[in-house]
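Down below is the structure, laid out as structure tokens.
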Amino acid sequence: MSSTTTTSPASGVSGEAPPPRIVEDCLGLVQLMSDGTVKRAPACLASADDAASVRCKDVVYDEARNLSLRMYVPSSSRAGNGGAEKLPVLVYFHGGGFIVGSFASPEFHAACARLAAALPAVVLSADYRLAPEHRLPAALQDADAIFSWLGAQEQQAAAGGGADPWLADAADLGRVFVSGDSAGANIAHHAAAAPGRRLAGCVLLWPFFGGERRTRSEAACLGDAFLTLPLYDQMWRLALPAGATRDHPAANPEVGELPPLLVAAGDRDMLIDRIREYVARARARAAAAGNRRVDLVEFPGAGHGFAILEPDGEAAGELVRVVRRFVHGG
């Protein structure tokens with residue numbers, strides 16, 4: 001397997017330390033070695049030019065960490081089109097168990113282009129640092145950096161100059177939603193729960209939460225062809241701080257104060273019972289805070305990541321309609 005790291009071959013000199021061995025192999029994509037190095041298989045990435053019905057480009061949001069986001073704007077929303085109504089902003093975090101994935105992975109690129117065109121909305125699909133090179137809470141810190149960048153964009157737009165021209169032209173920066181799928185939904189939850197952050201809503205797609213106590217659906221490990229209990233445990237081992245358990249707050253968070261919330265998941269997702277428990281806690285918290293909206297939409301027969309794995313399926317199409325109603329009302 002080719003990789004992004006290299007190791008020196010053993011010289012055969014007597015007494016030399018043996019070559020590092022593989023400690024963890026995640027999906028054949030990421031290998032953690034006994035000397036702490038990480039090997040990654042080369043990634044297949046989609047270009048920003050590879051999109052229909054939307055314009056998209058890559059923008060650096062954190063120069064110090066060299067982190068970027070991919071911005072999607074519906075093609076019909078262009079400068080000089082007679083003052084068309086500006087669109088809501090959807091900040092999106094991709095899935096991958098905090099271990100793999102990128103905004104440029106073809107499946108996430110296609111999903112965000114579809115959301116931008118179908119909602120419609122300005123979608124900001126963000127990359128973040130991956131584990132095990134950068135264990136949690138690194139990804140959560142990167143989410144905070146994105147919202148700091150977006151806040152600066154809003155201030156510059158209000159001042160009449162300096163904001164990204166696509167945002168200044170098309171985006172309603174006073175109507176920002178946060179979303180993500182799987183591990184990205186976990187990040188979106190933490191971003192939405194940050195004290196003092198004002199958001200129009202939060203959309204969590206099959207969120208990847210954890211806990212030491214097994215739920216019934218986890219123990220049964222329902223027939224989900226993608227997410228299995230061994231993979232779930234492995235991803236948390238690689239993502240959490242060394243020595244932390246799945247009850248770490250990055251994995252098993254308090255609900256906190258959230259904006260209006262939409263959660264979507266398949267009822268054959270191994271995590272469905274954990275997701276239902278999360279929604280129940282969110283509803284109790286929302287009722288205490290004034291009955292804010294908390295919706296759970298379950299898709300019969302669907303497993304973890306269904307809309308990413310089967311983007312042309314009926315459930316994926318219905319999910320887009322569900323998100324559109326939440327973002328635009330109705």
Side-chain angles (χ1 to χ4, degrees), residues 46 48 50-56 69-77 84-96 101 103-126 170-172 175-189 192 199-208 224 226 259-269 271-272 275 279 293-330:
D50 181 21
S53 303
V54 297
R55 297 175 288 149
C56 64
L69 56 82
R70 183 162 287 182
M71 185 182 303
Y72 300 81
V73 178
S75 298
S76 58
S77 178
E85 181 181 356
K86 291 190 176 184
L87 300 173
V89 176
L90 184 73
V91 179
Y92 189 92
F93 299 96
H94 66 79
F103 66 48
S105 299
E107 62 274 21
F108 298 123
H109 172 69
C112 288
R114 182 181 191 182
L115 283 171
L119 293 182
V122 175
V123 175
L124 306 179
S125 180
D172 180 354
R175 194 159 45 123
V176 176
F177 294 78
V178 64
S179 182
D181 69 275
S182 194
N186 179 305
I187 297 171
H189 158 81
L199 294 171
C202 178
V203 180
L204 306 184
L205 309 180
W206 44 95
F208 188 77
D224 190 328
F226 177 68
L261 176 66
L262 168 65
V263 181
D267 69 358
R268 290 186 64 81
D269 190 332
L271 299 180
I272 188 61
I275 291 168
V279 170
R293 179 178 181 179
V294 177
D295 294 343
L296 171 63
V297 181
E298 295 187 20
F299 291 80
H304 194 81
F306 65 90
I308 302 296
L309 298 174
E310 298 180 13
D312 297 323
E314 182 179 346
E318 178 58 23
L319 176 64
V320 171
R321 290 187 285 273
V322 167
V323 176
R324 182 169 61 226
R325 288 192 295 269
F326 181 81
V327 170
H328 287 285

Item to complete: Give a yes or no answer on whether the side chain of His328 reaches the backbone of Pro120 with a donor-acceptor pair at less than 3.5 Å.
Response: yes
Worksheet item: Asp181 side chain to Leu205 main-chain N or O, any donor-acceptor pair under 3.5 Å?
Response: no
Worksheet item: What class does the angle between the rings of Phe108 and His94 fall in, given that below 30° is parallel, 30 to 60° is tilted and above 60° is perpendicular?
Response: tilted
Discussion item. For residues 309-318, which residue pairs pass the salt bridge (charged side-chain N to carboxylate O under 4.0 Å, His left out) check, not counting sequence neighbours?
Written reply: Glu318-Arg321, Glu318-Arg325
Worksheet item: How close do Tyr72 and Cys112 get, heavy atom to heavy atom, and via which atoms?
Response: CE1-CB, 3.6 Å
Worksheet item: Arg70 side chain to His109 main-chain N or O, any donor-acceptor pair under 3.5 Å?
Response: no
Worksheet item: Do you know which two heavy atoms are closest between Phe93 and Ala126, and how far apart they sit?
Response: CE2-CB, 3.9 Å
Discussion item. Holding to ring pair (Phe, Tyr, Trp, His ring centres under 6.0 Å), I want the full list of residues that pass it with Tyr92, two or more places apart in sequence or in another chain.
Written reply: none
Worksheet entry | For the student: nearest non-hydrogen atoms of His304 and Ser182, plus distance | NE2-OG, 2.8 Å
Practice prompt. Kindly say whether Leu87 contributes a backbone atom to a donor-acceptor pair with the side chain of Asp172 at under 3.5 angstrom?
Written response: no
Practice prompt. Measure across Pro311 and Ala316 and return the closest heavy-atom pair with its distance rounded to 0.1 Å.
Written response: O-CB, 3.4 Å
Worksheet item: Any side-chain heavy atom of Trp206 sitting closer than 4.5 Å to one from Ile308?
Response: yes
